[in-house]
Amino acid sequence: MASNSRVHVFEEVLKHNKLEDCWIIVNGKVYDVTPFMAEHPGGDEVILSSTGKDATSDYEEVGHSDSAREMMDKYYIGDINMDKVPARRSRTTSPFPFPSPLENTKTPEFVIKALPFLVPLFILGSAFAVRHYTKEN
């Protein structure tokens, strides 16, 4: 890690939110990841979506390897003054400005969890039925 580390304020970090100038906050530390943007396996959009907030949850939820964690050291530029940093937000929080139609319903949880599997099965079954009934004899 850099020996000349300093404490950054959130307002300063907010200004570095572009492809050609990108800083992120992870575990109370500030990283200038600009040189890494083109190399990131998940694409630069993933990193850009982690600017302007404490990106610790985003970073941890992905399950980075030990070598990826070690790589972060070369991008470290200091610590963050956490006073004005917004609370951590999980990546699982909906990115849409409107609530999901399944939120706050009385639909049993197992049905909601099964929908991603049931919908494709329904579509596949429908396709087979259409093909079977429209096939020439």
Side-chain angles (χ1 to χ4, degrees):
M1 285 194 198
S3 59
N4 60 350
S5 67
R6 58 179 263 220
V7 176
H8 299 274
V9 293
F10 185 65
E11 291 79 12
E12 176 189 11
V13 176
L14 272 177
K15 297 174 187 175
H16 303 273
N17 61 359
K18 298 170 188 65
L19 185 62
E20 59 279 347
D21 180 23
C22 187
W23 293 9
I24 60 170
I25 302 166
V26 177
N27 291 319
K29 298 180 184 327
V30 179
Y31 299 91
D32 180 354
V33 294
T34 308
F36 184 64
M37 296 294 282
E39 300 172 32
H40 188 260
D44 51 28
E45 302 88 17
V46 173
I47 297 176
L48 286 173
S49 72
S50 295
T51 61
K53 64 181 178 178
D54 180 348
T56 303
S57 295
D58 293 352
Y59 183 81
E60 295 298 337
E61 286 175 7
V62 173
H64 286 90
S65 65
D66 290 340
S67 62
R69 292 175 187 280
E70 290 171 11
M71 186 185 299
M72 291 287 285
D73 288 347
K74 68 180 172 182
Y75 302 112
Y76 172 78
I77 58 171
D79 295 327
I80 185 73
N81 178 341
M82 294 297 287
D83 289 345
K84 294 187 180 180
V85 177
R88 291 180 182 177
R89 182 175 56 89
S90 171
R91 184 178 296 280
T92 58
T93 301
S94 174
F96 303 108
F98 48 85
S100 163
L102 297 176
E103 284 181 23
N104 302 323
T105 67
K106 298 201 184 290
T107 307
E109 187 175 339
F110 74 90
V111 173
I112 293 171
K113 287 184 177 181
L115 280 176
F117 301 103
L118 294 176
V119 171
L121 285 175
F122 175 77
I123 293 170
L124 186 61
S126 299
F128 280 120
V130 167
R131 184 172 182 184
H132 176 73
Y133 290 110
T134 59
K135 189 181 351 177
E136 292 183 48
N137 288 332

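Residue numbers run from 1 in the order of the sequence given.
For the atom pair CE of M37 and NZ of K18, the computed distance is 11.5 Å after rounding to the nearest 0.5 Å. Rounded to the nearest 0.5 Å, atoms CG (N27) and CG (D54) are 7.5 Å apart. Distance check, rounded to the nearest 0.5 Å: CG of L121 to OG of S126 gives 10.5 Å. Between atom CD1 of residue I47 and atom OH of residue Y59 there is a gap of 10.0 Å, rounded to the nearest 0.5 Å.
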Requested in this report: Take V30 and R6, measure what side-chain contact (heavy atoms from CB on, under 4.5 Å) needs, and give me the verdict at the end.
Outcome: CA-CA 9 Å; V30 179; R6 58 179 263 220; over 6 Å; no
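Residue C22 comes nearest to L48 through the heavy atom pair SG-CD2, 4.1 Å, listed as atom of the first residue, atom of the second, then distance. Contact record, M72 with V26: CE-CG2, 4.4 Å, taken as the closest heavy-atom pair. Between P120 and P116, the shortest heavy-atom contact is CD-O, 3.0 Å. In plain terms, the two heavy atoms of L14 and G52 that are nearest each other are CD2-CA, 3.5 Å. Closest approach of D58 to S49, counting heavy atoms only: OD2-O, 4.3 Å. When all heavy atoms are compared, the tightest approach of W23 to H8 is CZ3-ND1, 3.7 Å.
Listed for the H16 side chain is no donor-acceptor partner under 3.5 Å among the backbone atoms of D32.
The shortest side-chain heavy-atom distance between K29 and Y75 does not fall under the 4.5 Å cut-off. Side-chain contact check for D21 versus K15: every heavy-atom pair is 4.5 Å or farther apart. In this structure the side chain of F36 never reaches within 4.5 angstrom of the side chain of K74, judged on heavy atoms.
In this pair, Y31 and Y76 present their aromatic rings perpendicular. The plane angle is above 60°, beyond the 30 to 60° band.
The hydrophobic cluster containing I24 does not contain V9, counting ILVMFWY residues as joined when their side-chain heavy atoms lie under 4.5 angstrom apart, directly or transitively.
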